[in-house]
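What follows is a set of notes on a single structure, which appears directly below.
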Amino acid sequence: MTIFQVTLKNCAFYAHHGVFEQEKALGQRFFVDVVMDVEAGDALVSDDIEQTVHYGLAYELVENIVTGSRRNLIETLANDVALGLVAWSPMIRRVEVAIRKPSAPIAGILDYVEVRVEHRN
């Protein structure tokens, strides 16, 4: 069996996740990375998009989850993205989702808070 990776890197979305009311009301930017290990099947030989994970559709799925229902924790959000992707395509054998929150309400200087979740199919 051959496995290849499809990566969506630094996808930016505006959403209203967070524990604090101000985060929920105002919203903020979230940056998402997705790495999918995909079972190749015939895609590498057939050159047929139906035999692989369509990364445009994967992006739309991630966007719908991130900009959809509000969550308190980005851990929950990352988990929902990972579960959504593995449920969407049986060709995805493993997915890792990282979500960065650059405007985390922390009294200090930092680039961002990041959470990573991994699921295997």
With sequence neighbours excluded, give me every salt bridge (Lys or Arg N to Asp or Glu O under 4.0 Å) pair touching residues 54-73.
->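 Only Arg71-Asp80 qualify under salt bridge (Lys or Arg N to Asp or Glu O under 4.0 Å).
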
Does any pair with a residue in residues 97-107 pass salt bridge (Lys or Arg N to Asp or Glu O under 4.0 Å), and if so which ones, sequence neighbours excluded?
->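 Every salt bridge (Lys or Arg N to Asp or Glu O under 4.0 Å) pair that includes a residue of residues 97-107, provided the two are not neighbours, is Glu23-Lys101, Asp33-Arg100, Arg100-Glu114.
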
How many angstroms lie between atom [atom1] of [X] and atom [atom2] of [Y], to the nearest 0.5 angstrom?
X	Y	atom1	atom2	answer
Leu77	Ile99	CG	CD1	3.5 Å
Asn10	Leu8	CG	CG	11.0 Å
Arg93	Glu39	CZ	CD	5.0 Å
Arg29	Phe13	CZ	CZ	13.0 Å

Could I get the full list of side chain to side chain donor-acceptor pair (under 3.5 Å) partners for Asn121, not counting sequence neighbours?
->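 For Asn121 there are no side chain to side chain donor-acceptor pair (under 3.5 Å) partners, ignoring immediate neighbours.
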
Quick one: list whatever passes side chain to side chain donor-acceptor pair (under 3.5 Å) with Asp37, sequence neighbours left out.
->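 Scan of Asp37 (side chain to side chain donor-acceptor pair (under 3.5 Å), adjacent residues dropped) gives Gln5, Arg94.
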
Please examine the side chains of Val95 and Val35, heavy atoms only from C-beta on, and report whether any two atoms are closer than 4.5 Å.
->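 Side chain of Val35 against side chain of Val95, heavy atoms only: no contact under 4.5 Å found.
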
Test item: Val62 and Leu85 side chains (from C-beta on) under 4.5 Å apart, heavy atoms =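 Yes, close enough: below the 4.5 Å cut-off.
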
Can you list every pair that meets ring pair (Phe, Tyr, Trp, His ring centres under 6.0 Å) and has a residue in residues 25-58, with sequence neighbours left out?
->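 Applying ring pair (Phe, Tyr, Trp, His ring centres under 6.0 Å) to every pair that reaches into residues 25-58, excluding sequence neighbours, yields His17-Phe30.
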
Determine which pairs satisfy ring pair (Phe, Tyr, Trp, His ring centres under 6.0 Å) with at least one residue from residues 68-120, sequence neighbours left out, and list them in order.
->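 For residues 68-120, and leaving out neighbouring residues, there are no ring pair (Phe, Tyr, Trp, His ring centres under 6.0 Å) pairs at all.
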
Establish whether Val66 and Leu83 are linked, either directly or via other cluster members, by ILVMFWY side-chain heavy-atom contacts under 4.5 Å.
->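 Per the 4.5 Å side-chain linkage, Val66 and Leu83 are not co-clustered.
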
Give the cluster check for Ile106 versus Ile74: same hydrophobic cluster or not, with ILVMFWY residues linked at side-chain heavy-atom distances below 4.5 Å.
->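 Hydrophobic grouping puts Ile106 with Ile74.
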
Could you pull out all residues at least two apart from [X] that satisfy side chain to side chain contact (heavy atoms under 4.5 Å, CB included)?
X	answer
Ile109	none
Ala40	Thr2, Phe4, Leu44
Glu75	Leu73, Val115

Please report the closest heavy-atom contact between Gln28 and Ala104, naming both atoms and the distance.
->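 Gln28 and Ala104 have their closest heavy atoms at OE1-N, 4.1 Å.
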
Using salt bridge (charged side-chain N to carboxylate O under 4.0 Å, His left out) as the criterion, list what pairs up with Arg120, not counting sequence neighbours.
->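 Result, salt bridge (charged side-chain N to carboxylate O under 4.0 Å, His left out) vs Arg120: Glu118.
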
Please name the residue in the list Ile3, Val53, Thr7 that meets the side-chain contact (heavy atoms from CB on, under 4.5 Å) test with Met36.
->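 Testing Met36 for a side-chain contact (heavy atoms from CB on, under 4.5 Å) against Ile3, Val53, Thr7 leaves exactly one candidate, Val53.
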
Those residues that, when tested against Phe20, pass ring-ring contact (aromatic ring centres under 6.0 Å, His included) (two or more places apart) |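 In terms of ring-ring contact (aromatic ring centres under 6.0 Å, His included), with neighbours along the sequence ignored, Phe20 is linked to no residue.
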
Kindly list each side-chain donor-acceptor pair under 3.5 angstrom involving residues 45-52, sequence neighbours excluded, with atom names and distances?
{"unit_1": "Ser46", "atom_1": "OG", "unit_2": "Asp42", "atom_2": "O", "d": "2.9"}
{"unit_1": "Ser46", "atom_1": "OG", "unit_2": "Asp48", "atom_2": "N", "d": "3.3"}
{"unit_1": "Asp48", "atom_1": "OD1", "unit_2": "Glu50", "atom_2": "N", "d": "3.0"}

